[in-house]
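Just so it is clear: chains get the letters A, B, ... in the order the sequence lines come, proteins before strands, and each one is counted from 1. Computed from heavy atoms alone, side chains included, the values below leave out hydrogens, waters and symmetry copies.
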2 protein chains.
Amino acid sequence: MVSMSRANLGDFEHLVLLAVMRLGDAAYGLAVRGEIERRTDRTVSTGAVYSTLDRLEHKRFVRSSIEQGTVARDNRLRRRYEILPAGRDAVNAAQSDIRAMSRGLILHKGVR
Amino acid sequence: MVSMSRANLGDFEHLVLLAVMRLGDAAYGLAVRGEIERRTDRTVSTGAVYSTLDRLEHKRFVRSSIEQGTVARDNRLRRRYEILPAGRDAVNAAQSDIRAMSRGLILHKGVR
DNA sequence: TTGACATATTCTACAATGTAGTACTATTAT
DNA sequence: ATAATAGTACTACATTGTAGAATATGTCAA
């Protein structure tokens with residue numbers, strides 16, 4: 001295995017990448033925000049999402065393009081994001097580090 | 001369930017807390033560093049560990065005390081860290097957010 | 001048609017975290 | 001003595017996290 005440079009992922013970046021992956025086609029800014037807010041315990045500002053997406057794009061973890069809104073739903077134009085291989089790798093690396101550190105540990109002590 | 005303020009954890013803070021938990025008695029700065037380096041793919045500087053531990057202590061996620069080295073092993077004095085309930089909660093919250101976002105997703109696409 | 005509302009993005013600014021590196025102290029080995 | 005090792009503290013800067021305001025466009029009702 002050829003090891004490479006270890007571009008780490010911040011915790012919020014991690015969640016944003018996961019949201020982009022799960023949303024597929026529908027991965028644009030506000031949808032990412034909604035996905036994170038619905039699934040997690042967090043409150044997310046729009047600014048947080050957009051600047052994070054922007055940074056992830058600079059790192060080539062995602063790419064984006066302007067989508068001319070499908071007339072079917074509405075006609076607004078949005079910027080749609082798509083995960084790139086390096087983004088997937090980063091997610092896997094982040095999760096594998098956490099797993100490696102958690103393996104065998106008892107979390108939840110005393111939490112009912 | 002009484003929800004509370006959501007103190008988030010940075011990605012490195014997360015790993016440091018896990019290291020403190022697994023090390024138990026032996027959780028002092030350099031040991032934390034070693035534990036993370038051995039188990040993950042990362043390179044960790046001493047500065048990174050100490051300032052993170054310090055910040056975690058300010059947030060009351062861990063507490064520390066100076067241990068007068070057990071003569072048995074050696075006689076150096078070290079600062080030993082111990083996880084606090086809020087620290088445990090933060091780890092659980094971080095992992096549960098990641099799980100919630102990952103649930104049902106296929107990671108590893110095409111990685112052999 | 002306008003104006004209220006909703007959806008969407010961009011930009012600015014600042015706070016919180018991540019990280020390297022150096023300095024310092026004590027102990028152990030040569 | 002002096003070098004090596006183990007340990008901590010501190011300084012400084014880079015990267016990420018986050019809020020909020022500004023802007024634009026589309027829809028709907030009056």
So, the side chain of A/Arg60 versus the backbone of A/Ala86: is there a donor-acceptor pair under 3.5 Å, distance only? no

Quick check against the 3.5 Å criterion: does B/Arg22 have a side-chain atom that pairs as donor or acceptor with the backbone of A/Met101? yes

Rounded to the Å, how far apart are [X] [atom1] and [N] [atom2]?
X	N	atom1	atom2	answer
A/Arg33	C/dT10	CZ	P	16 Å
A/His58	C/dT10	NE2	C1'	14 Å
A/Leu53	C/dA8	CG	C1'	13 Å
B/Leu77	C/dT25	CG	P	13 Å
B/Leu30	C/dT25	CG	P	17 Å
B/Leu56	C/dT19	CG	P	13 Å
B/Arg78	D/dT5	CZ	C1'	13 Å
A/Glu37	D/dT18	CD	P	12 Å

Say you draw a straight line from CG of B/Leu17 to CG of B/Asn92; how long is it, rounded to the nearest 0.5 Å?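 Between B/Leu17 CG and B/Asn92 CG, I get 11.0 Å after rounding to 0.5 Å.
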
Comparing B/Ala31 and A/Val44 on DNA chain D - which has the more 5′ nearest nucleotide: B/Ala31

Are OP1 or OP2 of C/dT9 and a side-chain N or O of A/Tyr28 less than 4.0 angstrom apart?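 Result: no.
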
Report yes if a side-chain nitrogen or oxygen of B/Ser45 is closer than 4.0 Å to either non-bridging phosphate oxygen (OP1 or OP2) of C/dT19; otherwise report no.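 So the side chain of B/Ser45 is outside the cut-off, no N or O lying under 4.0 Å from OP1 or OP2 of C/dT19.
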
Please answer: with hydrophobic residues joined when any side-chain heavy atoms are less than 4.5 Å apart, are B/Tyr50 and B/Val32 in the same cluster? no

Do the side chains of A/Leu15 and A/Leu23 join up, straight or via other hydrophobic residues, at under 4.5 Å, putting them in one cluster?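 Result: yes, single cluster for both.
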
With A/Ile98, the side-chain contact (heavy atoms from CB on, under 4.5 Å) member among B/Ile98, B/Thr40, B/Val91: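 Among the candidates, only B/Ile98 passes.
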
Quick test of your reading of the model: are A/Arg38 and A/Glu35 salt-bridged, counting only N-O distances below 4.0 Å?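 Answer for the salt bridge query: yes.
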
At a cut-off of 3.5 Å, list every protein nitrogen or oxygen paired with a nitrogen or oxygen from nucleotides 9-16 of chain D, distance to 0.1 Å.
from	atom 1	to	atom 2	distance (Å)
D/dA9	OP1	B/Arg79	NE	3.3
D/dA9	OP1	B/Arg79	NH2	3.4
D/dT16	OP1	A/Lys59	NZ	3.0

Under 4.0 Å, counting only non-hydrogen atoms across every strand here, what does B/Arg42 touch: a base, just sugar-phosphate, or nothing? sugar-phosphate

